[in-house]
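Worksheet: one structure, shown below.
What's counted below: heavy atoms across the whole structure, side chains too, no hydrogens, waters or symmetry copies.
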Amino acid sequence: MALIYLTQPICDKALPTNKRYDLRDTFVRGLFLRVEVSGRKTWYLSYRTPPPEKKLKNKKIISASLVNLAAARKIAKEYLAKLYLEGVDPATLMNPEKHTSTGVTLRELIDEYEPWVNSHQKSGTVTLRALRLFKEFLDLPVSSLSTEAIERWQMDNIGQIKRATINRRIAALQAVTSWGVKHGLLDEIPFKAPKLPQTDSRVVARFLTKEERARLMSALDEREKLQGADYLKPAVILSLNTGIRKGTLLGLKWEDVDFKLRSLNLRAEIMKGGKDAVIPLNKIAYKTLVNWQKFTGADTGFIFSAADGGRRNDITRPFMRVLEKAGVKNFTWHCLRHDFASQLAIEGVTLHIIQKLLCHGSIAMTQRYAHLSHNSLEEAVNMLRH
């Protein structure tokens, strides 16, 4: 058994030979990668059982095709912590007998799914949170989840949560059961739930009137007079003029600003869709960033950083207080994004361009602004001369 400080490239490049071999990790004691003659790779944990036996055991953790090195180390550390702190034999935690294809519960399936989804999906934690909201199903065998039961859950939740949210949760449930079938934990997907029509998605995008915009900016100015200039006003102005999401805004760093080309480089890790994008800065957005940089004196780190220089968690509360003073109702931070797109549509910008500026994955997501583009549509049909 080779003793080596494992890295992900070493694990990926480990090739099969005419004899099975193991690569033992020096970072997490007991963790090793087993490479079979067939090329299959599996994570194992080597340890001694609690006293008085103290027997040496090698127990399979999970297939290396499901989790990467970092996730395997995390799992191994959790097992070893149970062993050394509580005297629990990891074998009892890994016992595959409880995971029969007919008896595995939804909770157990989600627990098995967790390492894989966290290492393969950027939004793994969101998916897991959505799955664990199926509280009435968690301790039931997955095989008992019939189509009728899922449809009842859908009907019970219509009106309580958005149809789009219901569809996303059902999609997550179908994904985890499909994964369970693929990896031998389930015999089949026991249900087939129809997708609900998203009739409640026809909500008109909320944007500011001229009067509301003036009151909002006045309230922001008044706030700065009372407590001094801070991040909120430039953050609002930048959002109104770029349409970026709140999470993207708070993740922006000065390195993402190209002052020469007057653009923002939106990194994949701060984007909802997980893809890089570049968007232009108009004169107002550019001037706002220039002035904010002069005020802060910073050229690295988060643009709207917290007091300790780290990433700011949220800006909702101070924004809602400003909205209240401005008398702007039924408005949220995300509505700044709607306002950006709506103003463009009103000015006759095509939906295709708006889609690109909003970084929408599909034009269907941009269609909510179509009703604001009547003038450009009329101009288009009037171009016909026959």
[atom1] of [X] to [atom2] of [Y]: how many Å apart, nearest 0.5 Å?
| X | Y | atom1 | atom2 | result |
| --- | --- | --- | --- | --- |
| Phe259 | Tyr286 | CZ | OH | 7.0 Å |
| Leu249 | Ser239 | CG | OG | 4.5 Å |
| Leu133 | Leu173 | CG | CG | 11.5 Å |
| Ser305 | Arg311 | OG | CZ | 12.0 Å |
| Arg73 | Ile61 | CZ | CD1 | 12.0 Å |
| Thr7 | Phe27 | OG1 | CZ | 13.0 Å |

Tyr44 ring center within less than 6.0 Å of Phe32 ring center: yes

Distance flag, aromatic centroids of Phe302 and Trp254, threshold under 6.0 Å: no

[X] side chain to [Y] main-chain N or O, any donor-acceptor pair under 3.5 Å?
| X | Y | value |
| --- | --- | --- |
| Ser144 | Leu140 | no |
| Gln8 | Leu69 | yes |
| Asp22 | Arg24 | no |
| Thr147 | Lys192 | yes |

For [X], all residues meeting side-chain hydrogen bond (donor to acceptor under 3.5 Å, both in side chains), sequence neighbours excluded:
| X | value |
| --- | --- |
| Glu222 | none |
| Arg215 | none |
| Ser63 | Ser65 |
| Gln343 | Asp339 |

Just grab all the salt bridge (charged side-chain N to carboxylate O under 4.0 Å, His left out) pairs involving residues 241-265, residues at least two apart or on different chains. Lys246-Asp314, Asp256-Arg267

Using 30° and 60° as the class limits, which term best fits the ring planes of Trp116 and Trp179: parallel, tilted or perpendicular? tilted

Can you name the side-chain contact (heavy atoms from CB on, under 4.5 Å) partners of [X], sequence neighbours left out?
| X | result |
| --- | --- |
| Phe295 | Ala229, Trp292 |
| Ala214 | none |
| Ile363 | Leu351, Gln355, Thr366, Gln367 |
| Thr165 | Ile161, Lys162, Arg168, Arg169 |

Under 3.5 Å, which donor-acceptor pairs link side chains of residues 274-285 to any protein atom two or more places apart or in another chain?
| unit_1 | atom_1 | unit_2 | atom_2 | d |
| --- | --- | --- | --- | --- |
| Asp276 | OD1 | Ala268 | N | 2.7 |
| Asn282 | OD1 | Ile284 | N | 3.2 |
| Asn282 | OD1 | Ala285 | N | 2.8 |
| Asn282 | ND2 | Asn241 | OD1 | 3.0 |

Identify whether NZ of Lys or CZ of Arg in Arg312 sits under 6.0 Å from the centre of the six-membered ring of Tyr231 and within 45° of that ring's axis. yes

Please determine whether a side-chain nitrogen of the Lys or Arg among Asp89 and Lys82 lies less than 4.0 Å from a carboxylate oxygen of the Asp or Glu. no

Salt bridge present between Arg206 and Glu212 (N-O < 4.0 angstrom): yes

For Asp111, give me all partners under salt bridge (charged side-chain N to carboxylate O under 4.0 Å, His left out), at least two apart in sequence or on another chain. Arg132

Are Ile346 and Leu240 linked, directly or through intermediate hydrophobic residues, by side-chain heavy-atom contacts shorter than 4.5 Å (ILVMFWY only)? no

Among Ile150, Thr105, Leu131, side chain to side chain contact (heavy atoms under 4.5 Å, CB included) partner for Phe137: Ile150

Kindly list each side-chain donor-acceptor pair under 3.5 angstrom involving residues 323-330, sequence neighbours excluded, with atom names and distances?
none

For Leu33 and Ala64, which heavy atoms make the closest approach, and how far apart are they? CD1-CB, 3.8 Å

